[in-house]
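Start at 1 with the first residue, then count along the sequence. Please read these numbers as outputs of a predicted model, since none were measured by experiment.
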Amino acid sequence: IIKLETNTLGLSGWLAVTQDDDTIGHIFMQEELNKRIKFLDAWVREDYRRQGIFRKLWDIRWQHVIKNYKGWTAFAWCLPSSLPLLIEKGFVQGDTSVYVSKEI
């Protein structure tokens with residue numbers, strides 16, 4: 001797992017790569033105003049899922065936050081399948097959102 005340096009202010013990310021430098025996963029976070037951190041996009045390539053890569057990415061980001069953001073508030077939106085990990089880490093579940101779309 002490699003820390004990704006971005007040119008976007010306050011955006012941090014980590015990439016999971018193979019020994020051949022194929023990207024197989026990523027996870028991001030964004031610093032916001034008022035000492036808030038938004039946990040952003042997390043993804044693992046389909047043929048690498050169920051191998052603990054998502055959890056490794058999540059744990060590396062979490063350790064970074066614990067080390068560098070004492071006194072800040074972290075928040076995220078997640079899929080139902082990711083909710084148990086967030087609850088395990090002490091997050092409190094908020095209201096449920098429903099995704100909608102319409103072709104224009």
Side-chain angles (χ1 to χ4, degrees):
I1 296 180
I2 301 167
K3 184 157 187 339
L4 177 64
E5 300 299 332
T6 71
N7 290 327
T8 303
L9 185 63
L11 181 68
S12 299
W14 293 262
L15 299 176
V17 296
T18 66
Q19 290 180 343
D20 298 328
D21 289 330
D22 287 335
T23 300
I24 58 171
H26 67 246
I27 199 163
F28 290 92
M29 61 176 256
Q30 177 79 45
E31 291 179 10
E32 295 201 340
L33 297 175
N34 301 319
K35 293 183 138 186
R36 292 173 44 96
I37 301 165
K38 184 190 304 181
F39 285 179
L40 298 172
D41 191 28
W43 163 83
V44 175
R45 201 167 81 189
E46 192 170 343
D47 52 332
Y48 282 88
R49 293 181 184 162
R50 299 278 179 216
Q51 297 179 35
I53 295 166
F54 174 79
R55 182 174 282 272
K56 286 179 187 174
L57 285 164
W58 209 99
D59 286 345
I60 284 172
R61 178 182 63 186
W62 187 240
Q63 290 305 312
H64 175 76
V65 167
I66 295 298
K67 180 180 177 185
N68 297 293
Y69 294 92
K70 184 155 181 76
W72 289 53
T73 300
F75 69 100
W77 285 270
C78 69
L79 295 173
S81 59
S82 300
L83 184 58
L85 175 60
L86 288 145
I87 298 290
E88 173 188 313
K89 298 297 183 179
F91 284 72
V92 176
Q93 182 175 351
D95 293 328
T96 301
S97 296
V98 177
Y99 173 79
V100 295
S101 67
K102 177 177 174 49
E103 187 172 333
I104 305 297

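In terms of heavy-atom proximity, W72 sits nearest to R36 at CE3-N, 3.5 Å. Heavy-atom minimum distance, A16 versus L57: N-CD2, 4.0 Å. Nearest heavy-atom pair, L4 versus F28, reported as atom, atom and distance to 0.1 Å: CD2-CE2, 3.6 Å.
If you take CD on Q30 and CG on L9, they are separated by 7.5 Å, rounding to the nearest 0.5 Å. Atom OG1 of T18 and atom CG of D20 lie 4.5 Å apart (nearest 0.5 Å).
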Show me, pair by pair, the donor-acceptor contacts under 3.5 angstrom made by side chains of residues 37-49, not counting sequence neighbours?
unit_1: K38; atom_1: NZ; unit_2: E32; atom_2: OE2; d: 3.1
unit_1: D41; atom_1: OD2; unit_2: H26; atom_2: NE2; d: 2.6
unit_1: R45; atom_1: NE; unit_2: D47; atom_2: OD1; d: 2.8
unit_1: R45; atom_1: NH2; unit_2: D47; atom_2: OD2; d: 3.2
unit_1: R49; atom_1: NE; unit_2: V44; atom_2: O; d: 2.6
unit_1: R49; atom_1: NH2; unit_2: V44; atom_2: O; d: 2.9

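Using a 4.5 Å cut-off on side-chain heavy atoms (C-beta onward), F91 and L85 make no contact. Under the 4.5 Å side-chain criterion, counting only non-hydrogen atoms from C-beta, W14 is in contact with M29. Side-chain atoms of W58 and S82, non-hydrogen and from C-beta on, never get closer than 4.5 Å to each other.
Linking ILVMFWY residues whenever their side-chain heavy atoms come closer than 4.5 Å, directly or via other members, leaves I24 and L15 in distinct clusters. L11 and I60 are not part of a single hydrophobic cluster, where members link through side-chain heavy atoms under 4.5 Å apart.
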### Task
Dump the intermediate steps for side chain to side chain contact (heavy atoms under 4.5 Å, CB included) on K89 and D59, then the final yes or no.
CA-CA 10 Å; K89 298 297 183 179; D59 286 345; 3.2 Å; yes

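Apart from W77 itself, the hydrophobic cluster it occupies contains F75, where clustering links Ile, Leu, Val, Met, Phe, Trp and Tyr at side-chain heavy-atom distances under 4.5 Å.
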